[in-house]
Colleague: 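After the structure tokens below, expect a handful of questions from me.
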Amino acid sequence: MKKILIISPDIPYPLTKGGRQGVFHFIDKLRDRYDISLLFILENIDKESYIELSSLWNNVTFYPLERPAIQERKESLFSKLYNLPYKVKDKIMYYSKKNDTDKVSNSDFVRDNSTLNSSLVLVHSKEFIDYVTKIATQEFDIIQVEFYPLLSLVHILPANVEKIFIHHELRYVRNEIEMSFFQKVTNWDKYVFKSSKLFEIETLRLYDKIVTVTDIDKLKLEQELEGKPIFGSPLMVNMPEDNLTYKYKFNNKLTFVASATHFPNYDGIKWFISNIWQQVYKKHPELELHIIGGGWNAEMFQDIELPKNIFFDGYVKNLKDILPNSISIIPIRIGSGMRMKIIDAVNFKIPFITTSVGVEGLDFINGRDCLIADDANSFAQHITDLTKNELLQNNLILSSHNTLRNMYNEDILINKRMLVYETSIPDKEFGK
């Protein structure tokens with residue numbers, strides 16, 4: 001049985017984020033086939049979750065690096081590593097113009113939150129580097145690193161161990177999309193983009209294998225890393241069997257499931273509220289918009305006039321309590337990788353409306369499995385059409401569910417990930 005060390009910025013439990021879901025479900029399904037160890041930062045706020053996860057996974061070896069929370073706030077080191085450099089310093093900047101009620105929002109919202117200037121990533125924790133170096137010297141067959149903020153760990157991993165990087169989101173692709181929303185792209189922006197892309201590609205080259213979570217990301221990387229072993233291995237999805245007999249009846253709720261700490265989610269829902277929800281609510285005042293996930297609150301949208309019927313429901317442990325009978329919206333404009341929120345919608349047999357970026361890399365087809373729109377008017381029209389058309393609702397639900405079962409069933413996903421672990425690399429021998 002191969003010994004695999006998985007290094008993640010934080011504990012993959014509870015399943016509050018799409019990335020956590022992907023890490024959790026693969027370990028859960030593969031822990032009886034491989035001797036898996038998990039290394040991560042453990043903050044004070046996660047200690048109860050760690051105890052619970054330890055009881056669930058009694059055949060996984062845990063290497064938690066305990067680290068007291070610097071501030072009393074519910075934010076893991078993963079969030080700090082991934083989000084702090086490019087969070088909004090003042091989430092909403094506005095000033096008075098003519099009078100106190102005439103508020104103007106920050107004029108370059110995407111630039112102020114962009115990952116562009118934080119993409120030359122080093123792990124700024126000597127303690128974490130020392131701990132990884134110590135644990136990695138044990139006799140592992142494979143060391144697997146998760147998430148872009150830990151990309152540079154390859155420099156301290158043993159040469160005689162197979163090293164795999166799981167690329168959840170191509171950073172240079174995200175940066176390029178974000179730049180397309182800048183009011184103006186400067187020479188500095190171009191310089192930073194090219195420098196950070198070179199850092200990403202050349203650091204990836206140091207790994208023995210690279211895994212992307214969509215085939216389209218795999219194709220993009222193959223153009224940059226010719227000859228490098230790159231595997232497409234979609235994230236494991238949870239398919240609750242008890243939903244198979246569920247009968248859909250629209251309840252006038254639109255739902256958006258996402259963590260507020262991931263900027264593409266913030267950008268997407270702000271764009272939706274500013275440009276789409278306003279016109280939808282005027283036509284359909286009976287509709288409600290429910291924003292589900294940790295970190296959301298009305299103060300994040302102070303610079304726009306929030307219409308009525310917007311609800312911030314917070315983190316919901318069991319989505320079965322809120323998703324059924326709603327319509328899911330995924331108005332994502334930025335990023336790459338796999339949108340677990342789409343999988344959640346299909347799992348709970350609800351129709352979804354998304355963008356081309358939101359559905360990129362998945363096998364759901366516009367008009368057959370879902371509705372896709374990239375401009376505000378078309379997105380709003382899709383909502384109107386879908387809320388009034390029961391036949392369309394049920395057709396999309398049935399087709400998307402069949403697509404999910406056929407393309408992302410458990411056996412296929414497990415076999416794809418096992419192929420990564422079992423494929424030998426020509427002219428390379430490990431464990432010597």
Colleague: Looking at Lys218 and Glu222, is there a salt bridge between them, counting it only when a charged N and a carboxylate O are closer than 4.0 Å?
Modeller: yes
Colleague: Do the ring planes of Phe311 and His290 sit parallel (below 30°), tilted (30 to 60°) or perpendicular (above 60°)?
Modeller: parallel
Colleague: What distance separates Leu235 CG from Thr214 OG1, expressed to the nearest 0.5 Å?
Modeller: 9.5 Å
Colleague: How about Glu390: does its CD atom have over 12 heavy atoms from other parts shown lying under 6.0 Å from it?
Modeller: no
Colleague: Any cation-pi pair here, Lys308 with Tyr281, using under 6.0 Å and within 45°?
Modeller: no
Colleague: Walk me through whether Val346 and Phe364 qualify under side chain to side chain contact (heavy atoms under 4.5 Å, CB included).
Modeller: CA-CA 10 Å; Val346 179; Phe364 301 109; 4.0 Å; yes
Colleague: Among Asn402, Asn395, Thr403, find the one that has a side chain to side chain donor-acceptor pair (under 3.5 Å) with Asp369.
Modeller: Thr403
Colleague: Would a distance-only check, ignoring hydrogens and angles, find a side-chain to backbone donor-acceptor pair under 3.5 Å from Glu200 to Tyr172?
Modeller: yes
Colleague: Check whether any side-chain heavy atom of Leu319 sits under 4.5 Å from a side-chain heavy atom of Phe348, and report yes or no.
Modeller: yes
Colleague: With no hydrogens and no angle check, do the side chains of Gln144 and Tyr421 hold a donor and an acceptor under 3.5 Å apart?
Modeller: yes
Colleague: Using modelled atom types only, decide if a donor and an acceptor are shared between the side chain of Gln302 and the backbone of Ala298 within a distance under 3.5 Å.
Modeller: no
Colleague: Got a donor-acceptor contact below 3.5 angstrom from the Asp28 side chain to the Phe24 backbone?
Modeller: no
Colleague: Can you name the nearest heavy-atom pair linking Val213 to Gly337, along with the distance?
Modeller: CG2-CA, 3.8 Å
Colleague: Please determine whether ring-ring contact (aromatic ring centres under 6.0 Å, His included) holds for the pair Phe352 and Phe256, giving the CA-CA distance in whole Å, both sets of side-chain angles, and the decisive distance to 0.1 Å.
Modeller: CA-CA 10 Å; Phe352 67 93; Phe256 176 69; over 10 Å; no
Colleague: Starting at CG of Asp10, measure out to CD of Glu43 and round the result to the nearest 0.5 Å.
Modeller: 8.5 Å
Colleague: Is it the case that over 12 heavy atoms from other parts of the model lie below 6.0 angstrom from the NZ atom of Lys2?
Modeller: yes
Colleague: Do Glu169 and His167 get their side chains close enough for a donor-acceptor pair, meaning under 3.5 Å?
Modeller: no
Colleague: Please check this pair: side chain of Glu178 against backbone of Thr115, looking for a donor-acceptor N/O pair closer than 3.5 Å.
Modeller: yes
Colleague: Around Glu286, counting heavy atoms of other residues, nucleotides and ligands shown, do more than 12 lie under 6.0 Å from its CD?
Modeller: yes
Colleague: Using 30° and 60° as the class boundaries, would you call the ring planes of Phe301 and Trp296 parallel, tilted or perpendicular?
Modeller: parallel
Colleague: Would you say the side-chain atoms of Ser196 pair up with the backbone N or O of Val192, donor to acceptor, closer than 3.5 Å?
Modeller: yes
Colleague: Do Asn251 and Ser326 get their side chains close enough for a donor-acceptor pair, meaning under 3.5 Å?
Modeller: no
Colleague: Please report the shortest heavy-atom distance between Phe272 and Leu289, naming the atom on each side.
Modeller: CE2-CD2, 3.9 Å
Colleague: Please check if the side chain of Trp277 supplies one atom and the backbone of Lys270 the other of a donor-acceptor pair under 3.5 Å.
Modeller: no
Colleague: Can you tell me if CG on Asn187 sees more than 12 non-hydrogen neighbours from other groups inside 6.0 Å?
Modeller: no
Colleague: Determine yes or no for a side-chain-to-main-chain donor-acceptor pair under 3.5 angstrom, with His168 supplying the side chain and Glu146 the backbone.
Modeller: no
Colleague: Start with the C-alpha distance between Tyr13 and Leu56, add both sets of side-chain angles, then the distance that settles side chain to side chain contact (heavy atoms under 4.5 Å, CB included), and finish with yes or no.
Modeller: CA-CA 11 Å; Tyr13 190 82; Leu56 290 174; 3.9 Å; yes
Colleague: If every non-hydrogen atom of Leu206 is compared with every non-hydrogen atom of His155, which pair is closest and at what distance?
Modeller: CD1-CE1, 3.3 Å
Colleague: List the steps and the verdict of side-chain hydrogen bond (donor to acceptor under 3.5 Å, both in side chains) for Asp375 and Ser378.
Modeller: CA-CA 6 Å; Asp375 65 272; Ser378 298; 2.8 Å; yes
Colleague: Is it the case that the side chain of Asn366 and the backbone of Ile372 share a donor-acceptor pair, with hydrogens and angles ignored and the cut-off at 3.5 Å?
Modeller: yes
Colleague: Using the side chain to side chain donor-acceptor pair (under 3.5 Å) criterion, which residues pair with Asp189? Sequence neighbours excluded.
Modeller: Arg111, Thr186
Colleague: Quick one: do Lys209 and Thr423 satisfy side chain to side chain contact (heavy atoms under 4.5 Å, CB included)? Show the steps, please.
Modeller: CA-CA 10 Å; Lys209 296 173 183 174; Thr423 299; 4.2 Å; yes
Colleague: Considering all heavy atoms of both residues, which atom of Gly358 and which atom of Ile342 are nearest to each other, and what is their separation?
Modeller: O-CD1, 3.4 Å
Colleague: Identify the heavy atoms of Phe26 and Ser233 that sit nearest to each other, and give their distance.
Modeller: CZ-OG, 3.9 Å
Colleague: Got a sec: does the NZ of Lys29 have more than 12 other heavy atoms crowding it under 6.0 Å?
Modeller: no
Colleague: So does Gln393 have more than 12 non-hydrogen atoms from other groups sitting under 6.0 Å from CD?
Modeller: yes
Colleague: Would the distance check show the side chain of Ser399 and the main-chain N or O of Leu396 forming a donor-acceptor pair, the cut-off being under 3.5 Å?
Modeller: no
Colleague: Could you tell me the separation between the OG1 atom of Thr255 and the CG atom of Leu323, rounded to the nearest 0.5 Å?
Modeller: 5.0 Å
Colleague: Would you say the rings of Phe109 and Phe181 are close, in the sense that their centroids are separated by under 6.0 Å?
Modeller: no
Colleague: Would you please test Ser119 and Asn175 for side-chain hydrogen bond (donor to acceptor under 3.5 Å, both in side chains) and show each step?
Modeller: CA-CA 9 Å; Ser119 294; Asn175 285 342; 3.0 Å; yes
Colleague: Could you walk me through whether Lys190 and Val185 pass the side chain to side chain contact (heavy atoms under 4.5 Å, CB included) test, one step at a time?
Modeller: CA-CA 7 Å; Lys190 296 175 184 177; Val185 176; 4.0 Å; yes
Colleague: Just do the side-chain hydrogen bond (donor to acceptor under 3.5 Å, both in side chains) check on Asp385 and Gln381 with the steps written out, would you?
Modeller: CA-CA 6 Å; Asp385 294 341; Gln381 187 60 51; 2.9 Å; yes
Colleague: Check whether any side-chain N or O of Asp374 sits under 3.5 Å from a backbone N or O of Thr355 as a donor-acceptor pair, and report yes or no.
Modeller: no
Colleague: Among pairs that include at least one residue of residues 184-213, which meet ring pair (Phe, Tyr, Trp, His ring centres under 6.0 Å), considering only residues two or more places apart or in two chains?
Modeller: Phe165-Tyr207, Trp188-Tyr191
Colleague: Do the side-chain N and O atoms of Asp363 and Tyr408 include a donor-acceptor pair separated by under 3.5 angstrom?
Modeller: yes
Colleague: Could you state the interatomic distance from OH (Tyr148) to OG (Ser118), rounded to the nearest 0.5 Å?
Modeller: 8.0 Å
Colleague: Return the CZ to CE distance between Phe312 and Met300, rounded to the nearest 0.5 Å.
Modeller: 8.0 Å
Colleague: Take atom CD of Glu305 as the centre, draw a 6.0 Å sphere, and report whether it contains more than 12 heavy atoms from other residues, nucleotides or ligands.
Modeller: no
Colleague: Look up atom CG in Leu170 and atom NZ in Lys197, then write down how far apart they are to the nearest 0.5 Å.
Modeller: 10.0 Å
Colleague: Evaluate the side-chain proximity of Pro12 to Gln21: yes if any heavy-atom separation is below 4.5 Å, no if none is.
Modeller: no
Colleague: List the atom of Gly232, the atom of Lys416, and the distance in Å for their closest heavy-atom pair.
Modeller: O-CD, 3.8 Å
Colleague: Enumerate the side-chain hydrogen bond (donor to acceptor under 3.5 Å, both in side chains) contacts for residues 332-342, please, sequence neighbours excluded, ordered by first and then second residue.
Modeller: Asp217-Ser336, Asn265-Lys341, Asp267-Arg333
